[in-house]
Amino acid sequence: MKVFKFGGASVKDAAGVKNVAKILSKYKEDEPLVVISAMGKMTNALEEVARAFYLKQDDVSDKLNFVKEFHSKFLKELFEEGHPVFDAVSNLLVEIEWALDSEPRPDYPFEYDQIVSVGELLSTTIVSAYLKEIGIDNDWLDARDVIKTDNKHQSAVINWDLTTACIKEKVNTDRLTITQGFIGCTSENFTTTLGREGSDYSAAIFATVLGAKKLVIWKDVIGVLHADPRYFDDAKKVEKLSFQEAIELAFYGASVIHPKTLQPLKRNRIPLQVRSFIDLEQKGTWVAEDEVTYPDTAFYILKKNQTLLSISARDLDFIVENHLSSAFLILAKYNAKVNLVQNSAVSCYFALDVDDLQIDALVEELSKHFKVKYNSGLDLLTVRHYHDEDVDLLLNDKEVLLTQKNRTTIQVLYK
Ligand code: ADP
Ligand code: ASP
Ligand code: MG
């Protein structure tokens with residue numbers, strides 16, 4: 001069997017859902033398990049609901065109405081009035097309303113997970129019902145029944161033993177299964193999420209446990225390119241990548257593959273195909289154990305909206321290991337992802353991805369131990385297999401704040 005993953009872009013409108021159905025009917029002999037993300041930009045929209053609720057803003061219901069109207073338009077385009085899916089969708093939306101009925105807990109990641117997770121439940125409910133409607137029988141699986149996690153909300157960690165047992169028990173590999181990415185469940189039955197873009201990782205978990213022949217991630221691009229086409233013109237496709245190179249690219253932020261996706265596939269020698277859901281003639285990019293890499297070709301990775309945060313000891317003492325370990329513990333507590341670290345005698349600099357709702361609390365806690373400065377809205381460019389002259393050209397008019405390089409990789413943080 002195979003595991004397929006369709007992201008939000010593939011189901012952004014009714015035509016997208018019809019296209020997914022066309023792909024599934026073409027490949028139905030594979031009896032795939034199919035992981036589907038929330039539709040279009042619905043995760044962003046639900047994040048806005050969660051934030052407004054948490055901040056007790058007046059526009060929570062406007063923000064929720066946007067989500068409701070999006071799904072209702074979708075349903076009207078795909079189903080006749082009176083179809084049972086209308087009730088199923090409104091029941092899911094009522095779950096959000098219930099969550100919004102009580103006072104927000106101080107724990108934002110918890111509230112986030114209860115609200116944002118509904119996006120994937122909505123999309124899979126709609127796609128599963130549509131497939132049935134056009135004669136493609138399938139089982140809808142609630143991923144929370146099988147993806148078991150700890151209770152680190154917004155970046156939950158998988159309990160592999162329990163997850164393996166549950167997937168083996170609940171997934172019928174002789175049938176087409178439609179399920180959610182990104183979401184899981186704690187032992188106390190609270191919904192968790194695995195981190196933004198986490199559906200690729202969910203798909204890799206299913207592929208690993210089920211011993212899939214391959215994982216196919218269907219994208220709006222023809223494969224893995226040498227750079228993000230949103231920011232770089234003329235990005236060319238890579239035919240093949242080793243797991244090692246793909247892991248490096250994902251780690252540095254090539255957002256076409258979620259970084260956690262690759263390790264379980266590599267360990268279990270399950271090849272990954274990244275291919276287009278638009279142009280089915282294109283075979284995409286293969287990531288596999290014995291594939292070669294192209295060390296002469298540069299890969300450009302741009303991470304936007306970075307925060308540069310520096311800490312220094314209050315008494316101008318050297319910054320040493322014990323300072324760093326306590327700083328890292330605090331960064332982890334606030335879900336700050338460290339993309340670059342640079343140390344000098346008396347300071348340490350971190351380039352971070354951190355939610356702006358967490359930054360004040362993070363800085364407050366760090367300030368109990370250190371002098372802290374920070375600066376947000378920066379860009380981090382990483383170039384693998386770089387040539388100095390190309391990088392210089394790109395940074396021509398930029399104010400560079402931090403640079404780090406080794407023989408294969410250069411990272412530059414700039415304004
Ligand atoms: P999904 O619909 O699965 O969530 P994403 O939008 O997360 O898809 O990922 C696909 C996007 O990733 C592409 O549209 C492209 O803009 C971006 N991207 C970033 N880096 C690369 C790269 N190196 N190769 C291809 N696409 C990339
Ligand atoms: N829907 C989630 C997100 O947009 C998870 C995913 O699509 O991978 O981040
Ligand atoms: Mg995505």
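- Salt bridge present: Asp142 and Arg144 bring a charged side-chain N and a carboxylate O closer than 4.0 Å.
- The OH atom of Tyr414 sits 11.5 Å away from the OG1 atom of Thr403 when rounded to the nearest 0.5 Å.
- A 6.0 Å sphere centred on CG of Asp234 holds no more than 12 heavy atoms belonging to other residues, nucleotides or ligands.
- Between the side chain of Lys63 and the backbone N or O of Ala52 there is no donor-acceptor pair closer than 3.5 Å.
- No donor-acceptor distance shorter than 3.5 angstrom exists from the side chain of Arg269 to the backbone of Ala288, with no hydrogens or angles considered.
- Closest approach of Gln114 to Thr191, counting heavy atoms only: NE2-O, 2.9 Å.
- Heavy atoms from other residues, nucleotides or ligands lying under 6.0 Å from CZ of Phe110 number more than 12.
- The number of heavy-atom neighbours closer than 6.0 Å to NZ of Lys168, taken from other residues, nucleotides and ligands shown, is 12 or below.
- No more than 12 heavy-atom neighbours from other residues, nucleotides or ligands sit within 6.0 angstrom of CD on Glu281.
- Among pairs with a residue in residues 88-102, those fulfilling side chain to side chain donor-acceptor pair (under 3.5 Å) read Lys68-Glu97, at least two apart in sequence or across chains.
- Side chain of Asp59 to main chain of Asp62: no donor-acceptor pair is present (N/O by atom type, distance under 3.5 Å, no hydrogens or angles).
- One finds a salt bridge joining Lys73 and Glu77 here, because a Lys/Arg side-chain nitrogen approaches an Asp/Glu carboxylate oxygen to under 4.0 Å.
- Heavy atoms of other residues, nucleotides or ligands lying less than 6.0 angstrom from CZ of Phe86 number more than 12.
- At distances below 3.5 Å, not a single donor-acceptor pair connects side-chain atoms of Tyr300 with backbone N or O atoms of Arg384.
- Note that the SG atom of Cys348 and the CG atom of Leu324 stand 5.0 Å from one another [nearest 0.5 Å].
- The minimum heavy-atom distance between Leu141 and Thr179, with the atom names listed, is O-OG1, 2.8 Å.
- Between Phe70 and Met42 the shortest heavy-atom distance is CG-CE, 3.4 Å.
- Here NZ of Lys373 is found 11.0 Å from CG of Leu309. Values are rounded to the nearest 0.5 Å.
- Considering only heavy atoms from C-beta on, Leu272 comes within 4.5 Å of Ile257 through its side chain.
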Show your reasoning for whether side-chain hydrogen bond (donor to acceptor under 3.5 Å, both in side chains) applies to Asn335 and Asp355. CA-CA 8 Å; Asn335 278 335; Asp355 195 309; over 6 Å; no

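- Aromatic ring pairs are classed by plane angle as parallel below 30°, tilted from 30° to 60° and perpendicular above 60°; the pair Tyr27 and Trp218 is tilted.
- Using a 4.5 Å cut-off on side-chain heavy atoms (C-beta onward), Thr177 and Asn172 make no contact.
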Val146 vs Phe206, test: side-chain contact (heavy atoms from CB on, under 4.5 Å). Steps then yes/no. CA-CA 10 Å; Val146 294; Phe206 280 109; 3.8 Å; yes

Using the side-chain contact (heavy atoms from CB on, under 4.5 Å) rule, take Leu394 and Phe232 through it: C-alpha gap first, then chi angles, then the decisive distance, then the call. CA-CA 10 Å; Leu394 272 176; Phe232 297 87; 4.1 Å; yes

Under the side-chain hydrogen bond (donor to acceptor under 3.5 Å, both in side chains) rule, what do Ser128 and Asn138 come out as? Steps first, then yes or no, please. CA-CA 7 Å; Ser128 167; Asn138 66 88; 2.7 Å; yes

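- Side chain of Arg314 to backbone of Lys371: no donor-acceptor contact under 3.5 angstrom is found.
- Side-chain atoms of Asn151 never come within 3.5 Å of backbone atoms of Thr186 as a donor-acceptor pair (strictly under, hydrogens ignored).
- Looking only at distances, a side-chain donor or acceptor of Asp150 sits under 3.5 Å from a matching main-chain atom of Lys152.
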Which is it for Phe277 and Phe4 under the side-chain contact (heavy atoms from CB on, under 4.5 Å) test, yes or no, and what are the steps along the way? CA-CA 11 Å; Phe277 60 74; Phe4 288 176; over 6 Å; no

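- No more than 12 heavy atoms of other residues, nucleotides or ligands sit less than 6.0 Å from atom NZ of Lys41.
- Residues Thr193 and Asp113 come closest through the heavy atom pair OG1-OD1, 2.7 Å.
- Proximity of Leu280 to Lys22: side-chain heavy atoms (C-beta onward) are separated by under 4.5 Å at one or more points.
- Looking at every heavy atom in both residues, Trp140 comes nearest to Leu121 through CZ2-CD2, 4.0 Å.
- The CG atom of Leu380 sits 12.0 Å away from the CG atom of Asn305 when rounded to the nearest 0.5 Å.
- Of the residues Lys304, Lys303, Gln306, the one that meets the side chain to side chain donor-acceptor pair (under 3.5 Å) test with Asp379 is Lys304.
- Annotation: side chain of Glu133 is not in contact with side chain of Glu80 (no heavy-atom distance under 4.5 Å).
- Judged as a side chain to side chain donor-acceptor pair (under 3.5 Å), the pairs with a partner in residues 257-267 (not counting sequence neighbours) are, in order, Lys266-Glu289.
- Using the six-membered ring where Trp is involved, Tyr112 and Tyr108 have ring planes that are perpendicular, over 60° apart on the 30 and 60° scheme.
- For Lys170, the NZ atom sits in a packed shell: over 12 heavy atoms of surrounding residues, nucleotides or ligands are nearer than 6.0 Å.
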Could you please spell out the steps behind the salt bridge (Lys or Arg N to Asp or Glu O under 4.0 Å) verdict for Glu239 and Lys283? CA-CA 9 Å; Glu239 294 294 329; Lys283 293 295 171 238; over 6 Å; no

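- No donor-acceptor pair under 3.5 Å is formed between the side chain of Gln273 and the backbone N or O of Trp286.
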As a quick check of understanding, evaluate side-chain hydrogen bond (donor to acceptor under 3.5 Å, both in side chains) for Thr149 and Thr192, giving each step before the final call. CA-CA 7 Å; Thr149 72; Thr192 50; 2.9 Å; yes

Step by step, would you call Trp160 with Thr208 a side-chain contact (heavy atoms from CB on, under 4.5 Å)? CA-CA 11 Å; Trp160 275 92; Thr208 300; 4.2 Å; yes

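- A distance-only check finds no donor-acceptor pair linking the side chain of Asp228 to the backbone of Ser255 [under 3.5 Å].
- Dense packing is recorded around CG of Asn406, with more than 12 heavy atoms of other residues, nucleotides or ligands lying under 6.0 Å away.
- For the side-chain contact (heavy atoms from CB on, under 4.5 Å) test with Ile178, the passing option among Leu33, Val34, Val20, Thr125 is Val34; the others fail.
- Phe370 contributes atom CZ, which lies 6.0 Å from atom CD1 of Ile330 (distance to the nearest 0.5 angstrom).
- Atom OH of Tyr386 sits about 7.5 Å away from atom OG1 of Thr408, to the nearest 0.5 Å.
- Side-chain contact annotation: Ser199 with Ser37, donor-acceptor N/O pair under 3.5 Å present.
- Checked against the 6.0 Å centroid threshold, Phe74 and Tyr130 do not count as a close aromatic pair.
- Under the 4.5 Å side-chain criterion, counting only non-hydrogen atoms from C-beta, Val216 is in contact with Arg275.
- Taking every heavy atom of both residues into account, Ala246 and Leu241 meet most closely at CB-CD1, 4.1 Å.
- Of the possible donor and acceptor atoms, one in the side chain of Ser123 sits under 3.5 Å from a partner among the backbone N and O of Glu120.
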